[in-house]
Structure formats: structure tokens, C-alpha cells
Amino acid sequence: MEVLRNDRTRDGFNRLHGKYLKRCLEVLPHSLATLDVSRLTIAFFAISGLDLLDCLHLIEPQKRDIIEWIYSLQILVTKNNESGGHCGRHGFRGSAANGMDNPYDCGNLAMTYCALSSLLILGDDLKRVDKKKIIDGLKEHQLSDGSFVPVVYEKENDMRFVYCATTVSYILNDWSAIDRQKIVSFIRNSF
């Protein structure tokens, strides 16, 4: 790819890519339709891409609607953690494609990271985020070796989810629910 040598070329590049990213927020291209359950991840990449390209103004009229959509994906379990055992269910789901309030509807660590990051990029103050329950839920995602699983009923664990968990803790400014020494040990043992 030719290096963008002048402002005019760069502006055209940014505008074209900005239009594509805006379109991804409005409707998924056919080639991405199978990713509907991860729509929040696609939205995060589109929003952060628009931010990097200095093109957030393209979605200014839709910004409130996007923020409301992200909040609609927040899981707010009402059963208390002691009796219901649903602590790890808190966070954000990737989309409403799998239905809501089913037994497997629980917070996904990567989706929670994408939601919080997107909300911040869009200028939200995170006041409607159930911070305490998300932080408490992180305990359920951490395994004994210090790694994390994306969803409490899954076995997949790797460095991606360590990144998501630590970033969520950083964004919410609360490290109380995770064992940082185990995280350090997991990272060191990964080399």
C-alpha cells in the first residue's frame, strides 16, 4: 500500500474507511452475518476505528442510540448471589441474538471489555454500569492458575481474557475481585 503522503490523500482515506465503519454499525455486511452473536465486538472495532480515524463525527446523530443499545446488552441478574449462584453472570452479552434471560445468558468477559471501552470512546460516564456486580463476577471467571475464561460455563482460557479482565478492572478502578499474583504467575509461566 502506498504511504499516505499528503493530508488530502489521508483525509480521503479516513473518509472512505469511516463510511465503511459507520455502515458496519448500521447493518452487518452479508459476509459478517454469522458474527451476529458477537455484534458488540464488531461495534467496538467500528467505534474505535472511527475514533482512530478522527471520524466519530460521522456517528454523532446516532451516538445516543448506540449507547442505549450497548446498555441494553448489560445483564442485570436480580437473584442474589448467595442463593442464586449467578455472580459470574453479570457483565455484557455480545448481542440479543441468542435471546435474553435464558439459563445460558451470562456476561462474557470479552464483550464486557468491548462494551466498557465503546462507552468510554462515545463519551459515556459509565454511571449506568453495574460496576460492583461486574467486579464481583470477575472472581467467577478467574481460574486457579490465574487465567480467565470468557464465560463462566466455558473452559477456554488464554491471555486474551487476562487482558480483558485486567482492563475491565482498570476501567472500573477496582482490582479487589481478582488475584493479581496468580495473573502474574500465569503470564510468567506462558513464556
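Note that the structure is predicted; figures quoted are calculated from it, not measured. Note that these values count all heavy atoms, side chains included, but never hydrogens, waters or copies made by symmetry.
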Specify the closest pair of heavy atoms between [X] and [Y], including all atoms of both residues, with the distance to one decimal.
X	Y	answer
A110	C164	CA-SG, 3.8 Å
H57	P61	O-CD, 4.2 Å
G18	L50	O-CD2, 3.4 Å
L138	A165	CD1-O, 4.1 Å
S169	I178	OG-CD1, 3.5 Å

Linked, directly or transitively: [X] and [Y] (ILVMFWY side chains, under 4.5 Å):
X	Y	result
F186	V149	no
I42	L52	no
I59	F45	yes
V162	V184	no
L122	L120	yes

Going by heavy atoms in the side chains, are [X] and [Y] under 4.5 Å from each other?
X	Y	answer
R128	I67	yes
I70	D124	no
S147	M159	no
L58	L21	no
R93	N108	no

Approximate separation, where rounding is to 0.5 Å, of [X] [atom1] and [Y] [atom2]:
X	Y	atom1	atom2	answer
L53	R15	CG	CZ	12.0 Å
L126	K131	CG	NZ	5.5 Å
I134	L116	CD1	CG	5.5 Å
C55	Y20	SG	OH	15.0 Å
E140	L109	CD	CG	12.5 Å
I47	L119	CD1	CG	8.0 Å

(message) Is the ring pair F92/Y71 parallel, tilted or perpendicular, if the boundaries are 30 and 60 degrees?
(response) tilted
(request) Show the numbers, then the answer: is there a side-chain contact (heavy atoms from CB on, under 4.5 Å) between I135 and W175? (result) CA-CA 8 Å; I135 290 296; W175 296 84; over 6 Å; no
(message) Looking at S185 and Q181, would you say the former's side chain and the latter's main chain have a donor-acceptor pair under 3.5 Å?
(response) no
(message) If we ignore hydrogens and angles and just use 3.5 Å, is the side chain of Q74 paired with the main-chain N or O of D130 as donor and acceptor?
(response) yes
(request) Evaluate whether atom CG of N173 has more than 12 neighbouring non-hydrogen atoms of other residues, nucleotides or ligands under 6.0 angstrom away. (result) no
(message) Looking at E68, I'd like to know if its CD atom is crowded, meaning that more than 12 non-hydrogen atoms belonging to other residues, nucleotides or ligands lie closer than 6.0 Å.
(response) yes
(message) Between I183 and D179, does the side-chain contact (heavy atoms from CB on, under 4.5 Å) criterion hold? Intermediate values first, please.
(response) CA-CA 7 Å; I183 293 172; D179 188 328; over 6 Å; no
(request) Start with the C-alpha distance between L56 and I121, add both sets of side-chain angles, then the distance that settles side-chain contact (heavy atoms from CB on, under 4.5 Å), and finish with yes or no. (result) CA-CA 9 Å; L56 279 175; I121 293 168; 4.0 Å; yes
(request) Determine, stepwise, if the pair S117 / I171 fulfils side-chain contact (heavy atoms from CB on, under 4.5 Å). (result) CA-CA 8 Å; S117 298; I171 289 171; 3.9 Å; yes
(message) Just to verify, what does D158 make a side-chain hydrogen bond (donor to acceptor under 3.5 Å, both in side chains) with, not counting sequence neighbours?
(response) R160
(message) Testing Y170, F161, F44 one by one against Y113 for a ring-ring contact (aromatic ring centres under 6.0 Å, His included), which residue passes?
(response) F44
(request) Before accepting this row, confirm whether a basic side-chain N of the pair E26/R23 lies closer than 4.0 Å to the acidic partner's carboxylate O. (result) no
